[in-house]
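Starting off with a structure, shown below.
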Amino acid sequence: MNDKMICSEGQKKQYRTKCKDLIIAYIESHSNERFSAADIADYISENGISTNITTIYRNLDKLTAEGKLIKTKNPGNDCCFYQYAGEDNRCDGHLHMQCKVCGKVIHLNDKYMAEVYHYLKNETGFKLDFRTSILVGICKNCRILPINIK
């Protein structure tokens with residue numbers, strides 16, 4: 001069997017390429033951050049591999065369809081960002097906070113999420129999509145940096 005082809009009984013053949021391996025490596029090493037296709041393209045280029053941005057988007061779309069990534073659009077400019085959802089799609093029931101300085105994503109998965117969900121639904125009639133929720137601010141580590149960002 002070709003070492004770039006992985007398949008089990010009843011499944012379609014899945015091809016593993018150096019590019020796909022680098023995409024997965026990037027996602028795994030940035031699992032607590034949101035990232036763009038351009039971030040991945042830079043990473044792949046830094047690793048000496050030439051690839052087309054369409055290839056990156058195709059892989060990101062497949063991972064999104066599999067539920068391993070969450071894709072969101074920035075409402076201001078329609079840029080797409082991705083976030084690792086994990087193998088168990090752990091982002092279904094909680095809000096997220098993202099630091100606008102370092103990009104770190106914090107998962108707010110504590111007992112108050114159910115209260116927030118029910119409050120929004122019952123008091124405002126708004127059903128929140130937790131998977132794409134994001135509160136933007138500055139994390140504790142970036143607030144103590146010498147540059148005073150407000």
Side-chain angles (χ1 to χ4, degrees), residues 1-114 116-117 120 127-149:
M1 184 166 110
N2 182 340
D3 65 346
K4 289 187 175 185
M5 189 179 356
I6 301 171
C7 63
S8 10
E9 287 184 42
Q11 291 183 333
K12 284 183 161 183
K13 295 177 184 175
Q14 295 180 354
Y15 292 92
R16 298 280 311 254
T17 63
K18 185 70 170 169
C19 179
K20 186 172 184 177
D21 289 343
L22 286 171
I23 291 170
I24 291 169
Y26 182 89
I27 292 167
E28 288 174 351
S29 66
H30 294 82
S31 62
N32 289 323
E33 300 173 27
R34 288 201 172 180
F35 51 86
S36 67
D39 294 330
I40 292 177
D42 291 343
Y43 175 76
I44 291 171
S45 179
E46 289 167 5
N47 281 277
I49 303 295
S50 176
T51 191
N52 187 315
I53 194 75
T54 304
T55 301
I56 295 169
Y57 277 113
R58 186 172 41 254
N59 280 280
L60 292 174
D61 287 343
K62 285 179 185 176
L63 292 167
T64 301
E66 293 170 6
K68 294 179 181 173
L69 292 179
I70 298 168
K71 179 180 178 180
T72 56
K73 284 188 178 181
N74 185 356
N77 59 11
D78 282 341
C79 290
C80 291
F81 290 92
Y82 299 86
Q83 173 186 334
Y84 180 65
E87 297 298 323
D88 57 355
N89 296 316
R90 68 179 194 264
C91 293
D92 282 340
H94 61 263
L95 292 167
H96 305 89
M97 295 187 307
Q98 180 183 20
C99 178
K100 65 181 179 180
V101 176
C102 68
K104 179 178 181 179
V105 174
I106 300 166
H107 299 265
L108 297 172
N109 50 356
D110 58 29
K111 65 182 181 177
Y112 300 107
M113 287 303 99
V116 169
Y117 175 80
L120 290 172
K127 186 174 184 240
L128 184 64
D129 179 359
F130 284 115
R131 287 180 53 84
T132 59
S133 69
I134 190 78
L135 301 172
V136 179
I138 301 173
C139 73
K140 178 173 57 174
N141 292 335
C142 291
R143 280 197 333 260
I144 61 173
L145 291 175
I147 300 172
N148 195 3
I149 300 174

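Keep in mind the model is a prediction, meaning the values are calculated, not measured. Any value given below was found using the heavy atoms of this structure, including those in side chains, with hydrogens, waters and symmetry copies removed. Sequence positions, counted from 1, serve as the residue numbers for this chain.
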| With a 4.5 Å limit on heavy-atom distance, are the side chains of Leu69 and Ile27 in contact? |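 Contact flag for Leu69/Ile27 side chains = yes.
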Any idea which heavy atoms bring Cys19 and Thr55 closest together, and the distance?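 The answer is SG-CG2, 4.1 Å.
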ask   = Taking the six-membered ring for Trp, is the centroid-to-centroid distance between Phe35 and Tyr26 below 6.0 Å?
value =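 Yes.
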_Under a 3.5 Å cutoff, is there a donor and acceptor pairing between the side chains of Ser36 and Asp39?_
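Yes, because at least one side-chain N or O of Ser36 sits under 3.5 Å from a partner of the opposite role on Asp39.
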Working to the nearest 0.5 angstrom, can you tell me the gap between Tyr82 OH and Asp61 CG?
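Interatomic distance, Tyr82 OH to Asp61 CG, rounded to 0.5 Å: 5.0 Å.
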- [ ] State the NZ-CG distance between Lys71 and Leu60, to the nearest 0.5 angstrom.
- [x]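 Going from the NZ atom of Lys71 to the CG atom of Leu60 covers 8.5 Å.
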query: Which value, rounded to the nearest 0.5 Å, describes the distance between Gln83 atom CD and His30 atom NE2?
result: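 Answer for the CD-NE2 pair, Gln83 versus His30, is 13.5 Å.
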message = Distance check, rounded to the nearest 0.5 Å: Ile24 atom CD1 versus Leu63 atom CG?
response =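 Spacing of CD1 (Ile24) from CG (Leu63) equals 6.0 Å.
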Contacts under 3.5 angstrom, residues 40-51 side chains, donor-acceptor by atom type, not counting sequence neighbours:
{"residue": "Asn47", "atom": "ND2", "partner": "Tyr43", "partner atom": "O", "Å": "2.8"}

